[in-house]
Structure formats: structure tokens, C-alpha cells
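Data first, discussion second: the structure below is written as C-alpha cells.
Lettering of chains follows the sequences in order, A, B, ..., and the numbering in each one begins at 1. What you see is a predicted model, and the numbers here were worked out from it, not measured in a lab.
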Number of protein chains: 2
Amino acid sequence: MRERDEGAPAGRRVTAMDVARAAGVSVSAVSRAFTPGASVSARTRARVMAAAAKLDYMPNALARGLMTQRSNLIGIILTNFKNPLYLSVLDHFTHAIQQRGLRALVFNISRGGDLTEAARQILQYSVDGLIVSAGAISPLLAGQCARRQIPVVAFARNPRSKDIDVVCADNVAGGRMAARLLIERGYRRIGYLGGSAQASTSQDRGKGLVGELEDAGLSLHCSVHASEYSYEAGRVAARALLSMDEPPDALFCANDVLAFGALDVARHRFGLSVPGQLGIVGFDDIGLAEADSFSLTTVRQPIEEMVRETIALMMRRMEDPRLEPETRLLSCSLVERGTVRGPRL
Amino acid sequence: MRERDEGAPAGRRVTAMDVARAAGVSVSAVSRAFTPGASVSARTRARVMAAAAKLDYMPNALARGLMTQRSNLIGIILTNFKNPLYLSVLDHFTHAIQQRGLRALVFNISRGGDLTEAARQILQYSVDGLIVSAGAISPLLAGQCARRQIPVVAFARNPRSKDIDVVCADNVAGGRMAARLLIERGYRRIGYLGGSAQASTSQDRGKGLVGELEDAGLSLHCSVHASEYSYEAGRVAARALLSMDEPPDALFCANDVLAFGALDVARHRFGLSVPGQLGIVGFDDIGLAEADSFSLTTVRQPIEEMVRETIALMMRRMEDPRLEPETRLLSCSLVERGTVRGPRL
DNA sequence: CTGAAAGCGCTAACAA
DNA sequence: TTGTTAGCGCTTTCAG
């Protein structure tokens, strides 16, 4: 009765059947009309589309997903909502995902909350893939996904496990780059301002630093782990380091916001000149690193490329789930700005 | 513990029926066991749960949503992936959403891309609600949602239309606060560094500034619209303003990153002392505004409260869709730091 | 190319 | 409290 009333106030939702009736065709015809590359005559398709437009119909993705076993949903689990880098990460991911006709289901576990539990929630939506940028992926979780044939890729974390795909910056090499630069430029008492002690990223960056230092016959002068990857935590940590009896003359920070904190404390609280009395190198190269106020010399993570690789790996595995898991370490690059002194000429 | 090989080894997905068989009960019993507050005996529930655990079963949210007409999905459409504030916005939204057992479907339209089209994509997933933080919501879109009984709320934008819920900071009042402070502190040639000319936020903040200026018998000294809300755009715009024959002695910037750009250009390129020769006020109060390097005096947007209100409004409307649309303007507050000079004593 | 009919996995009456 | 039985809205053989 209130069937094809256009301004129908809160009427029944319009389904493929309504459209079929209005267009004088079968439901399958409607389905086909909305399925790219299905076998429908141009004429039928046109009719269907017209009726659909008139009724403001659109296919129900839930029903479709239920039937096809493809939800077109990609789950993204994130922990880090304090580091501006992740806004850019999210920007790239959502963009890339949408480009391929998929949608992003974002799950936040920054306030504490179990990764495995988060994944459970997400898996219920039969996502076609899962991107995890958070702590270690338990074998349990890996198993659940494998059994369901859902590709998982660890992003910007390096869970040493070999049975999962991972895309990550080569943090060890990045740490080495920072060390080399600092050594070359004459700094000798080099310290490490790390992030949380459990984070593989922080560990690896520190490992690279120490490795290169030792190769040069030097040793790590001092180190702290900040409580989290944030500006405030950077200040606190830097204060500790700079208050030592024999303070460092250079600091490699596990990421840019930490470095900002260190830089500000050094300049504004300890009255140190940077890069003169203290050299600072960050990691990530977030947008504000190039602000005049910071002009931070840093190790750039190739975010865009990492995102691209992540999606590529995911798609590949969607096509062939039995491929060997891969670990792709992408190279970082040094971005020299003003917090490390120039070469002696 | 043969958890791993229990189910089919990558075979058919396990359904409620499999669990029912394994537990020796009916499918409805399984359904009930997974529905909080359903009428099941503790004994059956236990049995079901045991079988479910053994088979690694979890209910299919798509099927469930199809049946119940509730997907437990909330759509979030965003444009601004350049402003760190939005990482925090996303943090709060996802958190609040998850708290209530819902999931966030995030859609990015920053790269250009039609809002109405984006909404179409999202609506296909029968989201239970839609949060839009992007340009104007067309009546067409509003209608589509209304017809489907999907609550929409415009976040941090003020589309003047009266037929939609909106939660927004009181930008006009915020602009006035900035103006009042600047006037009080003796600045007289006050300029506006706005964001994109179409953004309601930028318009309103400017409107407030001008209003207060005029109330004080002053007038706007100059103004520009930055191309976007970014640090770089802030630099470009500030450069233009500061190169004028008679440059402003104070700048109210439509947001913090814009202000950072202006601040850096003023200090490092024009050699101006801030707040001595130039006063600067920002908007948002993002984390880095309190960094020593910027120590930006700014108008704080009550993000957390805004998010809370948004969700509350949405839930309210989910219960009773025929309520009158509301516009909630939340008050901003002034955060004084170091880019505006102190009161004369 | 088109339609009829059988489900996808689950919930919600309705009986028992 | 339980099980039986219709669907939710869609895709997809399978005939025609």
C-alpha cells in the first residue's frame, strides 16, 4: 500500500524484490544489474537502474556478504593514537582500501584491551583481511585467522614469528643510519631515548644504534625507555638523561614526538644549544619535523610504500592463501635538517 | 588440548548448527547462549559455550545484522587527515563506540570524493548511525538517512540546516574570546588567518573575531584564507599577511597547525618577536600546542565532550527517531600560553 | 539472457 | 526453558 510512495515516511526498507516488481523483472535480474560484469542485457539493466533510482534502492552489503562470503571489509587494529604519524597511516590505509572498493573497520586498542579479543570482535564481521599494528600476534590469533582463510598482516611491528606476513621499516638499519651520522659528525657520548621497552620498533632501532656504535669501537653512553611514544614522555626521559653527571652529547630518539620533547627540554630547560652542544636524531619524519621550530634531523619511514606493500601482500594472499608468509623490511632514509651539526669542511 | 586440529582444517566455516550438534542442542539454544539476557538455562549455556570454544565458533555478525536489522556498525566520514586533532577525535570516537559494543566503519574523503557518494557506500552496510565531519550534508543525503531511520550527526561542522543533529564547538564565541584577549592585551592591528573559505568552522571563527572587534570599535586589519588546515598552508598565508605595507600586530589563526606555520614564519623568516611584536592565537589546542617551541595561546575545543555528546545524541535518536533535530554548541575555553603578551600590571 | 528456487548463518515467533 | 520453523536480502546454480 505504501509501497512505491516516494516520500514514504519510515516505510519498510526497499529490497531487490521491490525493485524487481517496479521494473517488471525478476530479483535475479536486479542482482545482476548491480553486479559488474554479470550477464544482463543493456535494456534490462537500464530498467532496473531506473526503478532502483526511483525507489532509492541500494543493495544490502550484509546480505550480499553473507551470500558471497566476501564482506569487502578490512579490519585495522591500532594502538598508537598519540603519534601523529598514525593519522597519516590511517589516511593512506583508508584511501588505499577504498580505492579497491573495500571499507575499513577500525579498532582501537590504545586504552589497553587485548589484541586477541579485539581481533575476535572484528572477525565476527567476516572481514576479508586484517591489518594489525599493535603488539605481538599470538599463535592463537594467527591460527584463528588461518583457519578462516583470513589474511593477516602485521604492520610496522616485527613479531619475530615466521608464520605471519609482516611489513615493517628496517628499523635496525634505520638505527644504524642515525648512529653513523652522529659518529661522523663528531658526537661521541651518544645516548638512546627509546620508546616502550616491549615495542619491537624501539628495540630494533636501539639495536641498530648499538650495533653501529660498537662497529665503530664506541659504546652506548646511556639510555632510557620513555613510557610511551609521546611528547611529554620524551621530555621526562630527556630530563633524566641530561641530568646525569656526564650527560650525552647526542641523542637518538625512537620517534619524532619523543625527539620534539627532548629538543625542547634541551633548549628551553637546560639551555643547551642544538646541534652545537647536543645532537638529536628522530625517527618517522612526521609533518611537523620540518617546522622551523624543530627542523629535526630524522630517519624517514616510508609510510606510503609500507601501506602499499601491506595491501599488496594482503591481496596476494586473498588469491592464494597457501603462500609462504613473508617479512618485508622497507628501507628508511636519512632526512638531514638542523639538529645535527654539519660536516667539517 | 587439541584446539588446533579440532575443526575442519580450513574447511567449511563453523556455524551455529555445528555447535548445536556438538552440544546436543538446537540452533536456537546456541543463538540464545550468545545473546546476553536471553532465556537459557545455565547448563545449556555452559554446554554450548564449551562446544563453541572447542570448535572455535563465533557468531556471524553479518547474518545476525541481517536478521536483527542492527549491524552494530557506526559509520564515520572524515575529511581532515592533516590536522593532528583528528587523530585524537578518532581515538575518542572509536573508544566510545567500542565501549558500547559497536564498531567503527571509517570512510576517508580527504582526497576529494563526494560526501553523498561516500555515504551511499556506507549506508549499504546498514550502519546503525552515521557521524559526518565533512562539508555540508545535502538534503538528499539527509533524506536517505531519514527514510532508513539512520541517525546522522554532523560533527564539528555547522551546516545551517535545521533538519539534522549537529554537535559543534561554539566557534563564533571562540572567535570572540580570541579577539577580546588580543584587544585587552593592547594589540590593535588584528588580522585573521582563516582556513578554507567554505569551511563553516573557519567562517564562524572569523565571524566571532570580527564581531568582537567591531563591538570594541575596531575593525579587521586584514585576512587570508589558507588553502587547507595545514602547517605549510599556514606559512604561505602568514607570509602574505606579514609582507603587507602595514602588517598586522596580531593574528588569530583558524587552527593550531596554521598557527604553528604563522609562528615559525614570523620568528624565523621575518625575525619578529612573538608575543612582543606579533601576538598569535590558535584554535583547537592540539597536544603540541604546549610544546616549549610553540607554547601557543589558543582556544580549546572540548573534543572529548563533543564526542560524548555526539554519541549520546545518536543513541537517543536510535531510540526515538522522531525527535526534533538538535544543534548543540559546546563552549570553548581560552588556554593562555606564550604567544600573546601578558596583561599590563 | 532470464526466472525459479535453494540457500548463506542467524534470530524470533510460536509451540511444546 | 527448549525446539521448530519462517524468514532477513541477497547471489547463484540450473532450467528454459
Side-chain angles (χ1 to χ4, degrees), chain A residues 3 11-49 51-52 55-73 123-128 148-149, chain B residues 7-8 11-49 51-52 55-73 123-128 148-150:
Chain A
E3 206 167 289
R12 227 182 70 267
R13 16 170 98 187
V14 2
T15 77
M17 196 155 122
D18 300 320
V19 176
R21 255 200 292 267
V25 298
S26 71
V27 273
S28 359
V30 176
S31 171
R32 291 185 183 111
F34 278 91
T35 306
S39 136
V40 218
S41 70
R43 192 158 141 286
T44 328
R45 162 167 269 140
R47 274 194 180 180
V48 170
M49 289 321 209
L55 299 179
D56 185 23
Y57 164 81
M58 59 184 75
N60 181 323
L62 266 37
R64 181 188 286 219
L66 187 54
M67 194 58 209
T68 59
Q69 313 278 50
R70 282 191 96 257
S71 63
N72 287 335
L73 255 26
L123 289 180
Q124 303 201 340
Y125 283 88
S126 1
V127 290
D128 294 340
R148 278 154 236 247
Q149 312 243 50
Chain B
R12 233 182 68 267
R13 14 170 100 187
V14 3
T15 78
M17 196 154 119
D18 300 320
V19 177
R21 253 199 292 267
V25 298
S26 72
V27 273
S28 6
V30 176
S31 171
R32 290 184 184 110
F34 278 92
T35 305
S39 137
V40 218
S41 72
R43 192 159 141 285
T44 1
R45 162 166 272 139
R47 273 194 181 181
V48 170
M49 288 322 208
L55 298 179
D56 185 23
Y57 164 81
M58 60 183 76
N60 182 323
L62 265 39
R64 181 187 287 217
L66 187 55
M67 192 58 210
T68 59
Q69 314 277 49
R70 282 190 96 256
S71 64
N72 287 336
L73 255 25
L123 288 179
Q124 303 200 340
Y125 282 88
S126 4
V127 290
D128 294 341
R148 278 155 235 246
Q149 311 243 48
I150 296 176

Give the C-alpha distance, both sets of side-chain angles, the deciding distance and a yes or no for side chain to side chain contact (heavy atoms under 4.5 Å, CB included) between B:Arg45 and B:Val48. CA-CA 5 Å; B:Arg45 162 166 272 139; B:Val48 170; 5.7 Å; no
What integer distance in Å separates B:Arg13:CZ from C:dC10:C1'? 13 Å
Nearest-neighbour nucleotide for the B:Ala16 side chain, D:dT12, C:dC10, C:dG9 considered: C:dC10
Trace of the side chain to side chain contact (heavy atoms under 4.5 Å, CB included) decision for B:Arg32 with B:Thr44: CA-CA 10 Å; B:Arg32 290 184 184 110; B:Thr44 1; over 6 Å; no
Note: B:Phe34 and B:Met49 closest approach over all heavy atoms is CZ-SD, 3.7 Å
How close or far is atom P of D:dT11 from atom CG of A:Leu62, stated in whole angstroms? 12 Å
So, with a heavy-atom separation below 4.0 Å from DNA chain D, the residues of residues 24-47 of chain A are A:Ser28, A:Ser31, A:Arg32
Report the distance from atom CE of A:Met67 to atom P of C:dG7, rounded to the nearest whole Å. 10 Å
Is there a donor-acceptor contact under 3.5 Å from the side chain of B:Tyr57 to the main chain of B:Met17? no
Run the numbers on B:Gln69 and A:Arg13 for side-chain hydrogen bond (donor to acceptor under 3.5 Å, both in side chains), then give the verdict. CA-CA 10 Å; B:Gln69 314 277 49; A:Arg13 16 170 98 187; 3.3 Å; yes
Between D:dA6 (P) and B:Leu66 (CG): distance, integer Å: 18 Å
Shortest non-hydrogen separation from A:Arg47 to A:Val25 and the atoms involved: NH1-CG1, 4.5 Å
As a quick check of understanding, evaluate side chain to side chain contact (heavy atoms under 4.5 Å, CB included) for B:Asn60 and A:Leu66, giving each step before the final call. CA-CA 9 Å; B:Asn60 182 323; A:Leu66 187 54; 4.0 Å; yes
Exercise: identify the closest heavy-atom pair between A:Leu123 and B:Met58: CB-SD, 3.8 Å
Please confirm whether the backbone N or O of A:Ser71 pairs with a side-chain atom of A:Ser126, one donor and one acceptor, at under 3.5 Å? no
Please state how far atom OH in A:Tyr125 lies from atom C1' in C:dC10, giving the value in whole angstrom units. 13 Å
Rounded distance (Å) that lies between atom C1' of C:dG9 and atom CG of A:Asn60: 14 Å
The helix from C:dC1-D:dG16 to C:dA16-D:dT1: angle between terminal helix axes, five bp per end, to the nearest 10 degrees, reads 30°
What is the distance from CD of A:Gln69 to P of D:dG9, rounded to the nearest Å? 19 Å
Roughly how many Å is it from CD in A:Gln124 to P in C:dT11, rounded to a whole number? 10 Å
